[in-house]
Each structure stands twice: as structure tokens, then as C-alpha cells.
Amino acid sequence: MAGQSQERTGQTDVEFRSVTKRFGAVVAVDDVDLRIRAGSFYSLLGPSGCGKTTSLRMIAGFEDPTAGEIFIGGEPVLGVPPYRRQVNTVFQHYALFPHMDVGRNVGYGLRQRRVPREEQERRVQEALDLVRLSAYGRRRVWELSGGQQQRVALARALINHPTVLLLDEPLGALDLKLRKEMQLELKALQHQVGITFVYVTHDQEEAITMSDRIAVMRDGRIQQEGTPTELYDEPANRFVASFLGQSNFFEGELLEDGELAGVRTARGLILWGRRPGSREPLAAGSRATVAIRPERISLAGDPPADAAVDRETATLPGRVLQGTYLGDQSEYQIETDALGPLMVRSINSEGLPAAHFGAGAAVRVAWRARSSLVLGI
Amino acid sequence: MARSTALAPAPERRAAATAAAGARPPTDRATRVVGAVFRGHSALIYLFLYVPIALVILFSFNAGDFAGELRGLSLRWYGEAFGDRFVMKALQTSLIVAFASATLATAFGTIAALALQRVPPALRAVYDGLTYIAIVIPGIVIGIASLVFFVNAFDWFNPLVGSLWPGSLGEAPVLNLGIPTVIGAHVLFTMAIVIVLVRARLAGMDRTLVEASYDLFATPWRTFIQVTLPQLAPAMLAGYLLSFVFSFDEYVIASFVKGQDTTLPILVFSQIHRPPVTPKINAIGTVILTISLSALFIVQLIYRRQTRQARALAEAAAAAEA
Ligand SMILES: Nc1ncnc2c1ncn2[C@@H]1O[C@H](COP(=O)(O)OP(=O)(O)OP(=O)(O)O)[C@@H](O)[C@H]1O
Ligand SMILES: [Mg+2]
């Protein structure tokens with residue numbers, strides 16, 4: 001199966017062309033264009049109600065788009081019922097058939113396609129081996145733990161060798177530890193079987209850990225699409241910057257646009273920052289925001305007398321409001337006269353007390369202009 | 001069925017009991033007296049309910065000749081009852097009626113419940129209301145209404161068939177009151193029972209199971225057979241058994257539309273009016289009771305099993321979420 005994925009690389013497995021889905025007055029998916037490469041792990045990420053599930057259900061065939069076209073493996077699928085689509089779904093609450101044992105659940109798809117009995121048995125066992133439930137074929141599904149049920153759901157879908165596997169927050173019902181384990185397992189599994197995974201989640205960390213590419217959605221629209229690194233380092237707008245990881249935001253008026261842009265902030269300080277590669281153009285004089293990741297700011301114990309800001313660096317005096325020692329790192333709330341409050345995270349390369357600043361400590365806050373971004377509001 | 005708590009799953013009962021125990025106020029003399037009075041009261045109620053039934057059963061094993069006095073125990077009257085041609089004929093009639101009406105009620109009731117899924121909600125509420133009404137309509141009303149309906153229908157139908165019937169086929173068939181009309185009248189309300197049970201099950205059924213089946217290449221028809229129907233099976237079986245029980249010992253409606261046929265309850269009732277009343281009546285009554293209780297016992301088992309499974313699934317999910 002690994003070979004199969006090699007052949008298909010470069011092909012597009014799922015494509016949305018201007019897809020819109022309305023439920024009455026609600027626009028769940030709004031004019032979305034998507035291309036999901038064959039063999040990739042693709043995540044739809046966004047807050048609750050942004051249209052992730054609806055997008056997935058349109059791929060599966062449970063909903064039809066109000067407008068636009070969907071292609072699976074290059075073929076238009078409008079009007080093709082779910083039971084004739086080469087995609088399978090892992091449902092959020094697994095939807096295992098309670099009146100069948102584990103083996104019959106897993107073999108369900110093969111039975112519908114009238115695969116010969118011996119082959120069915122062989123493939124069911126293979127699928128159970130794959131999810132490390134080899135000995136569970138005869139178990140009742142309601143005797144399994146949540147994590148085991150999740151794996152049965154996975155086996156039941158993967159056994160059919162779908163073109164695309166759809167997963168709707170499949171780890172949502174698991175506890176944190178199991179969740180982390182399953183994240184790695186899922187990713188490894190996807191690599192092993194080489195099937196395209198379309199993965200829905202509202203957990204940014206999960207998406208970053210597992211995905212080859214991520215589409216960040218909001219209110220039915222795609223805000224940005226790219227690799228996890230691109231989204232983190234080059235967010236196209238403030239929403240993406242705040243949704244993936246944390247940022248300090250300082251709003252103000254744009255002085256000039258360019259590779260490097262200056263913004264006059266509320267208290268009059270002019271901050272310089274890089275404009276992201278995928279930038280939406282901004283007019284001089286319009287509102288803009290400077291985004292700085294808390295871990296890109298450095299702290300030192302020698303506060304300068306005044307704020308000094310140029311196209312290279314920003315250096316400000318500040319005072320620690322609160323410092324939280326987290327072992328490997330510390331998190332600080334810093335008050336600065338020039339900009340107001342800001343959050344800083346620093347790695348503790350030395351232990352207490354050398355590394356950590358307590359509340360009230362006067363500090364030097366600094367970052368390189370190129371580490372900050374200037375984004376549209 | 002005797003105690004309503006028997007229907008509640010065991011852990012809930014336990015939980016309720018411990019909750020009550022925890023909430024119990026400090027005991028003084030007055031509360032102890034009140035408690036004793038309440039306990040005595042409920043004991044009396046159940047005695048009042050079950051002593052007569054226990055006596056009926058006890059006297060069915062009477063060796064003596066009269067239903068009034070107990071003279072040693074024997075199975076004599078069971079032998080008499082099963083040896084009585086009329087009793088056996090009535091038992092047969094009752095069984096035919098019960099099996100047929102339960103089967104028809106389950107088939108049509110299930111179809112109706114499925115169809116109701118596709119009715120707009122406002123209209124569905126109306127149908128639901130009508131279903132409940134059908135269950136509580138007094139038997140005497142169903143009896144009269146069915147009688148009037150059947151008599152009128154036959155008055156209109158029989159002459160019509162008679163006039164159209166080709167003479168070469170011999171006598172024209174004449175529809176009359178009898179076993180089929182009893183079955184028809186019983187289905188009127190037993191079907192409502194099935195609808196209620198199946199509707200409840202449908203409402204509790206996970207809709208994503210059907211989607212999962214579609215997702216795994218099953219056509220709507222195969223999904224219905226492999227997923228929906230098995231999910232409904234416990235409710236259908238419960239509905240079948242309850243219909244059977246209600247139909248088997250139903251007296252009032254049957255007495256209106258039975259025509260020349262006699263069901264077991266009607267036979268029993270008519271024999272009580274013809275002294276001497278022998279313990280044979282008790283034996284018949286005990287047989288009826290045994291059949292009914294067995295059916296109810298199975299219904300209980302089905303629901304126990306179902307709640308146990310549902311709970312196990314829910315617990316696994318909850319444990320995972322915790
Ligand atoms: N069947 C439906 N009928 C009406 N509105 C719907 C339906 N399904 C979804 N919606 C609406 O469409 C919007 C998008 O819903 P969707 O389920 O796709 O969100 P989501 O991104 O999956 O959210 P979540 O993270 O909460 O699952 C929501 O406003 C929702 O209320
Ligand atoms: Mg969702």
C-alpha cells in the first residue's frame with residue numbers, strides 16, 4: 001500500500017470548487033476552494049461552528065453543497081450517494097454497531113461489497129492487527145474501552161482501502177494521555193497505509209502535531225491554508241496568528257507597507273515588523289496589528305532607561321507583574337510603559353533562582369523586528 | 001410488572017436506596033412510628049392485591065369438588081380442564097386470536113412507527129396523541145364501535161359479493177363475526193402499543209449508525225435490514241409479547257365481536273354463571289395467568305439486557321472522557 005501512495009503523490013484526491021452550504025439562513029460553508037493532495041494528512045482546523053463537520057459531511061456524501069462542485073479522485077461526486085463513494089468515515093462517537101461483535105463491525109464494509117468469505121476473514125484479522133486488537137474479534141463492542149472502540153472504528157474504515165479517510169474529531173472523547181498516544185499512532189498509521197486523511201479538529205496542537213497541511217477555517221471560510229510551519233510563522237491574518245499558538249497583539253496605524261512595515265501603536269511608539277509572505281496588501285494609514293510570539297521575546301535583568309525601537313530591534317524597559325515557573329520554561333506578564341501589558345515565555349536553561357524573574361522585578365524586554373509580524377486587523 | 005421498581009435498572013434502584021438512606025433525618029420515636037405505619041400500609045396494599053390471586057392458584061390444586069372449600073391438593077382439575085373439549089376449543093381460539101393479533105399489530109405498528117419518522121413534527125404530535133388515546137379508549141367503546149362497523153360493513157359487503165359471485169363457483173362466501181373480527185378489533189389497540197414502543201426505540205436510536213452503514217457501502221435497503229431492524233428488534237419483540245398478553249385475556253371487546261366463536265376468558269365467565277362452580281375454573285385461570293406472566297417476564301428480560309448494554313457503552317465513553 002505504501003507503493004500505491006507513491007504513485008498517487010502529486011494527484012489531488014479531494015477538491016472543492018467554490019463550495020457553499022446553507023442551512024436556511026445559516027451559511028455553514030462559504031465559497032470554499034480546497035485541494036487535498038493524495039496521500040497527505042490534511043486537517044480542517046477552526047473554532048466550534050466554523051463549518052468543519054459540514055465540509056467533511058459533504059465529502060462523505062451526507063450533505064450536498066448548495067452551490068459549487070466537489071471532486072474525489074478527479075471525479076465529480078455531486079449526486080453520488082454515500083454508499084457509492086470511495087471514502088470512509090471515523091465518526092466522532094465511533095458509531096459502532098452495538099448488535100455486532102468487533103469482527104463483524106470491522107468486516108461490515110467488505111460484506112456489503114460481497115468480498116469472498118475467506119478474504120473477508122483474512123482482511124478483518126489484518127485490520128485488527130493493524131490497530132493492535134488482534135485478539136478482540138469476538139468481543140462485544142460495548143465491552144471495550146473508549147480507546148479500543150476508537151481503534152475498532154478506525155479498523156472498520158481502513159479495511160476498505162478508501163481513497164480518502166475522513167475523521168471528525170476522532171480523539172475528542174479520549175483523555176489527554178490517550179489522546180497524545182493516539183495522535184502519534186494515527187500519524188504513524190497514516191504513513192503506513194498511505195491513504196489520504198482528512199482530519200477535523202478544533203485543537204491547534206493536535207493539528208500541528210499530525211498534519212502535512214492545515215486549512216484554518218472561520219465562519220465557513222478558509223482563513224489560510226498551508227503547512228503547520230507556514231501557518232505558525234507566516235500567519236496571513238490576526239485570526240490565524242491567535243488561533244495557532246499565542247501572540248501579543250499591538251494595534252495601530254500603518255505607516256508604510258513593504259517587506260518591513262511600521263505601525264504607530266496606541267501610545268505613539270512605532271514598531272517595525274515583517275510582512276508575511278502570503279500577505280493581504282494593506283494601505284498606508286489603515287489599521288494594522290503587530291504580532292509577537294511570547295517565545296520570541298527575550299528578558300534580561302538590566303532595564304534600559306527608555307524604549308528604543310528601530311528597523312532592527314525593539315528594546316523596552318518593563319516590570320514583571322507575574323512570573324510563573326513551569327520547570328522547563330517560565331511565563332511572564334510584563335507591564336511596559338511604551339506598549340502596555342505583554343506576555344513573554346522563556347526557556348529556563350538554568351535552574352532557579354538564576355533563570356527566573358519574580359513579580360516586581362525590573363527587566364529589559366527585547367525582540368528582533370524580523371521576529372514580529374505586521375498583519376491586517 | 002407487580003412492582004414498578006422492577007422495571008428500573010438495578011444500580012439506579014440501589015442508588016435511589018442509598019440516596020434515601022443518606023437523606024434520612026435523625027430518627028426519633030415519631031419518625032420510627034411513621035415509618036412503621038408506612039411500611040405496614042404498603043404490606044397491606046400488596047396483600048390486598050395478591051391474596052385473592054394466590055387463593056385462585058391455591059384452589060386450582062384443590063382435590064375437592066367445589067371452588068369454595070379446600071380438601072387436599074391434586075392436579076385433578078387441570079386434568080379435567082385439559083380434558084374438556086369446550087375448554088380446549090376456547091383455548092385454541094384464544095391462542096389463534098392472540099398470535100394473529102400480535103403478529104399483525106407488530107407488523108403494522110412497526111411500519112406505522114417508521115412512517116411517522118417521515119411525518120412533519122406538528123402532524124406527528126397529533127398522531128402520537130391519537131396513538132395514546134387508542135391505548136386508553138375503554139374496551140367497551142372499541143367493542144361497540146367495532147361491532148357497529150363490522151355489522152354495517154358486512155351488510156353492505158355480503159349482498160354485493162353475493163350478487164357479483166358467478167354461480168359456477170358454488171355458494172358465495174358470507175363474511176360474519178368470529179375469530180377474524182376479534183383479531184381485527186384487538187389489533188386496533190395492540191397496534192398502538194407496538195407503535196409507542198417502537199417509536200420510543202427509534203427516538204433513542206443513534207442516527208449516526210445509519211450514516212455509518214451508508215458510509216460502509218450499504219444501500220438504504222440493506223441498511224434497514226442490517227442496522228435499523230436489529231436495533232428495533234427488542235422493541236418489536238416486547239410489543240409482540242405485550243400485544244399477545246393483552247389480546248389473550250381480553251374479554252370486553254371479544255364479547256362484542258366474537259360471533260359464534262368463544263375465547264377462553266368468555267368461556268370462564270359463562271361457566272361462573274352455571275353452578276356448581278368447580279376448581280376447574282381456577283385451573284383455567286392459573287393457566288391464563290402463567291401464559292401472561294411468562295410473556296411479561298420475557299419482556300422484562302429484553303429490557304434489562306438492553307439497558308445493560310446501553311449502560312456499558314455509556315460507561316466506556318464516560319470513562320474515556322473522564
Ligand atoms: N443540519 C443542520 N441544520 C442546520 N444548521 C446546521 C446543520 N448542520 C450544521 N449547521 C450549522 O452550520 C454551522 C457549521 O456547523 P458544523 O457542524 O460544520 O461546525 P463545526 O465546525 O463542525 O463545529 P464543531 O467544532 O462544534 O463540531 C453551525 O452554525 C451549525 O449550527
Ligand atoms: Mg463538528
Side-chain angles (χ1 to χ4, degrees), chain A residues 56-57 59-63 81-100 104-115 140-150 152-153 156-157 159-160 162 165-166 168 171-179 182, chain B residues 9-11 110 117 120-122 198 200-238 301-322:
Chain A
L56 210 63
R57 290 174 60 81
I59 304 175
F62 299 132
E63 310 278 0
Y83 46 89
R84 298 229 185 80
R85 294 193 184 192
Q86 290 302 313
V87 298
N88 290 113
T89 307
V90 175
F91 292 84
Q92 178 162 15
H93 294 289
Y94 318 139
L96 300 178
F97 304 119
H99 56 289
M100 297 177 197
R104 286 187 69 73
N105 261 284
V106 173
Y108 192 89
L110 299 184
R111 288 203 298 285
Q112 309 316 311
R113 302 182 136 187
R114 303 181 198 284
V115 168
R140 317 290 314 191
V141 291
W142 37 275
E143 292 170 353
L144 303 182
S145 71
Q148 289 168 335
Q149 287 181 24
Q150 205 273 333
V152 174
R156 185 177 70 174
I159 194 173
N160 307 297
L165 185 71
L166 308 174
D168 192 354
L171 309 183
L174 303 181
D175 67 53
L176 191 66
K177 185 162 167 292
L178 197 53
R179 215 181 151 112
M182 287 301 299
Chain B
T110 304
Q117 294 290 97
V198 175
R201 181 73 177 149
L202 274 173
M205 194 178 137
D206 187 356
R207 164 80 205 162
T208 55
L209 290 182
V210 170
E211 289 189 346
S213 173
Y214 288 163
D215 192 67
L216 294 162
F217 318 119
T219 57
W221 172 247
R222 289 182 63 103
T223 298
F224 178 73
I225 298 293
Q226 296 176 95
V227 175
T228 312
L229 219 47
Q231 290 290 301
L232 297 184
M236 288 168 64
L237 185 53
L301 284 187
I302 295 168
Y303 274 92
R304 280 268 176 88
R305 196 180 130 83
Q306 204 173 296
T307 43
R308 210 176 47 232
Q309 287 184 13
R311 208 168 45 239
L313 272 177
E315 269 167 14
E321 222 140 339

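Naming convention: chains lettered A, B, ... in sequence-line order (proteins, then strands); numbering from 1 in each chain.
Only the side chain of Arg57(A) comes within contact range of chain B, with at least one heavy atom under 4.5 Å from a heavy atom of that chain. Neither the backbone nor the side chain of Leu166(A) comes within contact range of chain B; no heavy atoms are under 4.5 Å apart. There is no contact between Arg84(A) and chain B, counting heavy-atom distances below 4.5 Å.
Of residues 212-219 of chain B, those residues lying under 4.5 Å from chain A by any heavy-atom pair are Ala212(B), Ser213(B), Tyr214(B), Asp215(B), Leu216(B), Phe217(B), Ala218(B), Thr219(B).
By number of non-hydrogen pairs under 4.5 angstrom with chain A, the leading residue of Glu211(B), Gln231(B), Arg222(B) is Glu211(B). The candidate with the highest count of non-hydrogen atom pairs below 4.5 Å against chain B, out of Met100(A), Arg156(A), Arg179(A), His99(A), is His99(A). Options Thr208(B), Leu209(B), Val210(B) differ in how many heavy-atom pairs under 4.5 Å they form with chain A, and the most are formed by Leu209(B). Counting heavy-atom pairs closer than 4.5 Å to chain B, the top-ranked of the candidates Thr89(A), Asn88(A), Asn160(A) is Asn88(A).
Evaluation of the side-chain contact (heavy atoms from CB on, under 4.5 Å) rule for Val198(B) yields Thr110(B), Ala113(B), Val194(B), Leu202(B), Leu232(B), Ala235(B), Met236(B) as partners, not counting sequence neighbours.
Heavy-atom neighbours of Arg111(A) CZ from other residues, nucleotides or ligands within 6.0 Å: above the threshold of 12.
Side-chain contact between Phe97(A) and Gln226(B) is absent, with no heavy-atom pair separated by less than 4.5 Å. With contacts defined as side-chain heavy-atom distances shorter than 4.5 Å, the pair Asp206(B)/Phe91(A) does not qualify.
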